[in-house]
A.B. asks: 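The structure that follows is given in the form of structure tokens.
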Number of protein chains: 2
Amino acid sequence: MPRQARLTERAIAEAALAVLDAEGIEALTMRHLAAGLSTSAMALYNHFSDKEAVLEAVTQLMLAEIEAPPPGMSWQETARRIMRSARAVALRHPHAAPLIARFPPRTPDALAFVEAGFRSFRAAGFDPRSTAQAYRTLVAYSLGTQEIEVTGYFAAHPAAGGPAGSLDQPSAGRLMPTIQEVGPELANQDPEQQFEYGLNVVLAGLEALLPRR
Amino acid sequence: MPRQARLTERAIAEAALAVLDAEGIEALTMRHLAAGLSTSAMALYNHFSDKEAVLEAVTQLMLAEIEAPPPGMSWQETARRIMRSARAVALRHPHAAPLIARFPPRTPDALAFVEAGFRSFRAAGFDPRSTAQAYRTLVAYSLGTQEIEVTGYFAAHPAAGGPAGSLDQPSAGRLMPTIQEVGPELANQDPEQQFEYGLNVVLAGLEALLPRR
DNA sequence: ACCTGAACACCGTTCAAGT
DNA sequence: ACCTGAACACCGTTCAAGT
């Protein structure tokens, strides 16, 4: 049989992502990860300074999966594609996705979508400052929407018909009629439709606020 | 001297929040928390099923700090105040703030701002579905902006002049001129101004997309 | 009903030693 | 240069026992 592939940063990070996808974050221990690579936990420390560095590398792999749209499209269409691709990556790696909020893109592959996005904004005539402001707003919406979707935020939201408060408290429904009325709508809507709605909101807001071009 | 205050859910959660504020998330162990309350780690399990439940309770305390605006204001002004108050709470509890993304409001005190927000949208003539859609978009921006501010996302962003990639990779600046150009703007701007910009974007987008009233 | 201390089954990481 | 196994200093939680 062929020799075991060499232990590299990339191979370790890929194995870590596989563990996350298959077994979740609590299963990602240095010992378990090493066992999957047929090595010892301590061997990993020759390639990463600590577990945090492994998680950072996993994040770079995920960010590299975000597709950078080709040049030539409008800034709106470019932003739309990047945001949808980022959502698709998060849904493909639900257990690993929360890491994306902790580690920004660093490697060239992980930065590709950023460069493509910036380029389309600059080509549309926005100055660097406006481009940075728009980017930050889009990142905020993307990270927040990931949290909501991946953790099932509104599925567990009491306003969405989630678990009631403790018994010694008055019924929230009695005190909060508007939550009773609006709550079910939070959980009943299609997640993709909700994502698209918020994306339309952000893009419409940017169109209204970005300096005329 | 007076007898030690009784061990209650609230007292434990308040002590946990104090530990988080003073020493950070990694210092919040069941043993350390118990020691601060002059009791044993196992005593905490008479009040909470596990550590996760303690963290959930801490989150309810923080959410209860978000101010619910009085009735009578426009939906825009109501949303603006809630969003600013949520940001202030997160900045007051930077180590605990990431918990807000994991546990939705559940207790009546924690739900007060939600009821106030829903009420202002309904009073402005939006139906329950539109109200839910707007709320989800605002929550996404709020959670995302918290992540960005509390973790210093853009301070560490290579596009903002953060640490370079590994040495065996080509210089990102060579390959990504637009990141070189726009990046510094990400780190150099005032966080509050950036937050307000994104908030204006979301509110302008909602105004453009919400059904006529 | 509430609390205790010992113990269990883990962690991430250090260290001394190997090749 | 890379890897190993034992050990250290912790964790969250179970358990048997107390009041």
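So that the names make sense, note that chain A is the first sequence line, chain B the second, and so on, each numbered from 1.
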A.B. asks: Can you name the residues that form a side chain to side chain contact (heavy atoms under 4.5 Å, CB included) with A:Ala112, not counting sequence neighbours?
C.D. replies: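 Side chain to side chain contact (heavy atoms under 4.5 Å, CB included) list for A:Ala112, sorted by chain: A:Ala68.
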A.B. asks: With respect to the side chain of A:Met42, which nucleotide from D:dC3, D:dT14, C:dT14 is positioned closest?
C.D. replies: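 Closest nucleotide among those given: C:dT14.
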A.B. asks: Just by modelled atom types, is the B:Gly198 backbone N or O under 3.5 Å from a matching donor or acceptor in the A:Tyr141 side chain?
C.D. replies: no
A.B. asks: With rounding to the nearest 0.5 angstrom, report the CD1 to CD distance, A:Ile25 to A:Glu23.
C.D. replies: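 With rounding to 0.5 Å, CD1 (A:Ile25) is 12.0 Å from CD (A:Glu23).
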A.B. asks: Can you tell me which stems involve DNA chain C, if a stem is defined as three or more consecutive Watson-Crick or G-U wobble pairs, both distances under 3.5 Å?
C.D. replies: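 So far as stems of 3 or more pairs are concerned, DNA chain C shows C:4-8 with D:12-16, C:12-16 with D:4-8.
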A.B. asks: Report yes if at least one side-chain N or O of A:Tyr45 is closer than 4.0 Å to OP1 or OP2 of C:dT13; otherwise report no.
C.D. replies: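 Yes, such a contact exists.
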A.B. asks: Applying ring-ring contact (aromatic ring centres under 6.0 Å, His included), can you list everything that pairs with A:Tyr45, at least two apart in sequence or on another chain?
C.D. replies: none
A.B. asks: Take atom CZ of A:Phe48 and atom C1' of C:dG12, then tell me their distance rounded to the nearest Å.
C.D. replies: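 For the pair A:Phe48 CZ and C:dG12 C1', the rounded distance is 16 Å.
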A.B. asks: Check each residue of residues 23-33 of chain A for a non-hydrogen atom within less than 4.0 Å of any atom in DNA chain C, then write out the ones that pass by number, or none.
C.D. replies: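 Within residues 23-33 of chain A, the residues near DNA chain C are A:Leu28, A:Thr29, A:Met30, A:Arg31.
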A.B. asks: Once side chain to side chain contact (heavy atoms under 4.5 Å, CB included) is applied, do any residues pair with B:Glu56, and if so which ones, sequence neighbours excluded?
C.D. replies: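 Side chain to side chain contact (heavy atoms under 4.5 Å, CB included) check on B:Glu56 returns B:Gln60, B:Phe103, B:Arg106.
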A.B. asks: Rounded off to whole Å, could you give me the CG-to-P distance for the B:Leu44 and D:dT14 pair?
C.D. replies: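 From B:Leu44 CG to D:dT14 P: 14 Å.
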A.B. asks: Can you tell which of D:dC3, C:dG5, D:dG12 lies closest to the side chain of B:Lys51?
C.D. replies: D:dG12
A.B. asks: I would like to know whether A:Glu185 and B:Gln133 meet side chain to side chain contact (heavy atoms under 4.5 Å, CB included); could you show each step before the answer?
C.D. replies: CA-CA 8 Å; A:Glu185 298 290 336; B:Gln133 285 178 310; over 6 Å; no
A.B. asks: Hey, which of B:Thr145, B:Ile148, B:Leu143 is the one that makes side chain to side chain contact (heavy atoms under 4.5 Å, CB included) with A:Leu143?
C.D. replies: B:Ile148
A.B. asks: Please name all residues satisfying ring-ring contact (aromatic ring centres under 6.0 Å, His included) with A:Phe121, sequence neighbours left out, ordered by chain then number.
C.D. replies: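 Once residues adjacent in sequence are excluded, the partners of A:Phe121 under the ring-ring contact (aromatic ring centres under 6.0 Å, His included) criterion are A:Trp75, A:Phe126.
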A.B. asks: Nearest-Å distance, CG (A:Asn46) to P (C:dT19)?
C.D. replies: 17 Å
